Amino acid sequence: MIPAPDKRLRFDPLALDLEDAPRSFFRRDTILVAKDLIGAWFTRHYRGAWYGGRVVETEAYLGTGDAAAHSWKGRRTPRVEPMYGDGGLLYVFFIYGMHYCANVVTRLPGDPQAVLLRAAEGPEGAPVRLLSGPAKLCDALGVTRSASGLDLVAGGRFRILVPGGRRPSIGVSPRVGVDYAGEAAAWPLRFFDRTSAAVSVSRG
DNA sequence: CACATGATCGCCT
DNA sequence: GGCGATCATGTGG
């Protein structure tokens with residue numbers, strides 16, 4: 001069973017003019033998806049109510065040629081399997097013995113790329129830093145291993161809702177915590193909302 | 001089977 | 001900016 005989300009993340013999607021991102025949104029180029037997820041809402045439907053936050057920080061993981069990606073060199077294990085699925089799946093992994101991180105799978109089946117959700121802003125009234133980090137985001141929304149592989153598109157419990165119109169000003173930097181990845185550690189694949197106070201670490 | 005390590009965080013200095 | 005908490009996962013024997 002998936003843990004309950006933090007009550008402070010409850011919100012009303014109807015008040016925000018949001019719509020479900022379609023499959024085609026996720027099948028696009030991973031860097032484009034990572035940028036377009038800034039400003040989108042990562043949401044969870046739980047016991048008749050909606051919970052979630054507006055994504056303000058992401059990282060692109062580019063698949064078999066990216067030394068920082070779990071699918072580097074085609075590595076394919078039960079854990080990583082959702083990355084090999086269709087764009088729009090959720091990929092959750094456990095790290096450091098105590099934390100989970102959530103990724104949105106991109107591209108087509110067999111092309112294991114994804115976008116890590118690093119930080120979000122909760123609805124009005126929620127503590128500013130409640131979702132400011134990939135593990136905190138998962139903790140607050142109740143995202144655990146059992147959510148890995150779920151489809152974000154099929155009208156299920158977890159969804160990505162995108163706003164119309166205006167786009168935030170987006171900053172770019174290298175990814176966090178991937179120093180081991182050689183040349184790939186310097187690639188500019190972290191994206192964030194320049195105006196958000198909820199961005200997890202320094203603003204490169 | 002055993003072991004090394006990590007897409008982290010918060011607390012300490 | 002260093003460190004400990006704490007364990008699934010992958011790799012190698």
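Keep in mind that what you see is a predicted model, and the values were worked out from it rather than measured.
When each of Ile95(A) and Arg75(A) is assigned the nucleotide of DNA chain C with its nearest heavy atom, Ile95(A) is the one assigned upstream, toward the 5' end.
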Open item on the list: Walk me through whether Phe158(A) and Val92(A) qualify under side-chain contact (heavy atoms from CB on, under 4.5 Å).
Closed with: CA-CA 12 Å; Phe158(A) 290 94; Val92(A) 180; over 6 Å; no
Open item on the list: Run Ser173(A) and Arg190(A) through side-chain hydrogen bond (donor to acceptor under 3.5 Å, both in side chains) and show every step you take.
Closed with: CA-CA 5 Å; Ser173(A) 83; Arg190(A) 172 172 172 255; 2.9 Å; yes
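In this structure, Tyr180(A) places its OH atom 14 Å from P of dT5(B), rounding to the nearest Å. Rounded to a whole Å, the NE2 atom of His70(A) is 9 Å from the P atom of dG10(C). Atom pair Arg175(A):CZ and dT8(B):C1' shows a separation of 17 Å (rounding to whole Å applied). Across the protein-nucleic acid pair, Glu57(A) atom CD and dT8(B) atom P stand 10 Å apart, rounded to whole Å. Distance, Leu130(A) CG to dC9(B) C1': 14 Å, rounded to whole Å. For the pair Trp187(A) CH2 and dA7(B) P, the interatomic distance rounds to 15 Å; values are reported in whole Å. The nearest whole Å value for the distance from the CG atom in Asp139(A) to the C1' atom in dA5(C) is 14 Å. Straight-line distance from the CZ atom of Arg190(A) to the P atom of dT8(B): 11 Å, rounded to whole Å.
For the pair Arg167(A) (side chain) and Lys35(A) (backbone), a donor-acceptor distance under 3.5 Å is absent. A distance-only check finds no donor-acceptor pair linking the side chain of Thr30(A) to the backbone of Gln113(A) [under 3.5 Å].
Trp50(A) and Phe11(A) have perpendicular rings, their planes meeting at more than 60° on a 0 to 90° scale where under 30° would count as parallel.
Under the 4.5 Å side-chain heavy-atom criterion for Ile, Leu, Val, Met, Phe, Trp and Tyr, Leu116(A) and Val104(A) are members of distinct hydrophobic clusters. Both Leu150(A) and Tyr46(A) are part of a single hydrophobic cluster, where members link through side-chain heavy atoms under 4.5 Å apart. Under the 4.5 Å side-chain heavy-atom criterion for Ile, Leu, Val, Met, Phe, Trp and Tyr, Trp41(A) and Val143(A) are members of distinct hydrophobic clusters.
The side-chain tip of Arg175(A) points at the ring of Tyr61(A) from less than 6.0 angstrom away and within 45° of straight on.
Counting only heavy atoms from C-beta on, Ala135(A) has its side chain closest to dC9(B) among dA8(C), dA7(B), dC9(B). Candidate nucleotides dA7(B), dG10(B), dA8(C) were compared by shortest atom distance to the side chain of Lys136(A), and dG10(B) ranks first.
Using atom C1' as the reference point in both dA8(C) and dG10(B), the two lie 22 Å apart (nearest Å). Across the P atoms, dA2(B) and dT6(C) are found 22 Å apart, a figure rounded to whole Å.
Contact check of residues 77-84 of chain A against DNA chain C (heavy atom, cut-off under 4.0 Å) returns Thr77(A), Arg79(A). Within residues 97-106 of chain A, the residues approached by DNA chain C to less than 4.0 Å at the level of any non-hydrogen atom are Gly97(A), Met98(A), in residue-number order.
Consecutive Watson-Crick or G-U pairing (both distances under 3.5 Å) extending over three or more pairs maps onto DNA chain B as B:1-6 with C:7-12, B:8-12 with C:1-5.
Here Arg145(A) reaches the OP1 or OP2 of dT9(C): one of its side-chain N or O atoms lies under 4.0 Å away. Distances shown here put a side-chain N or O of Arg118(A) below 4.0 Å from the OP1 or OP2 atom of dT8(B).
Residue Asp17(A) places its CG atom among 12 or fewer non-hydrogen atoms of other residues, nucleotides or ligands, all under 6.0 Å distant.
Ion pairing between a basic and an acidic side chain is recognised when a charged N comes within 4.0 Å of a carboxylate O; Arg23(A) and Asp151(A) show such pairing.
Using a 4.0 Å heavy-atom cutoff across all strands shown, Tyr96(A) reaches at least one base atom of the nucleic acid.
For Phe93(A) and dA7(B), the ring-to-base geometry does not satisfy the stacking test (centroid distance below 5.5 Å, interplanar angle below 30°).
Between Arg107(A) and Arg27(A) the shortest side-chain heavy-atom distance does not fall below 4.5 Å.
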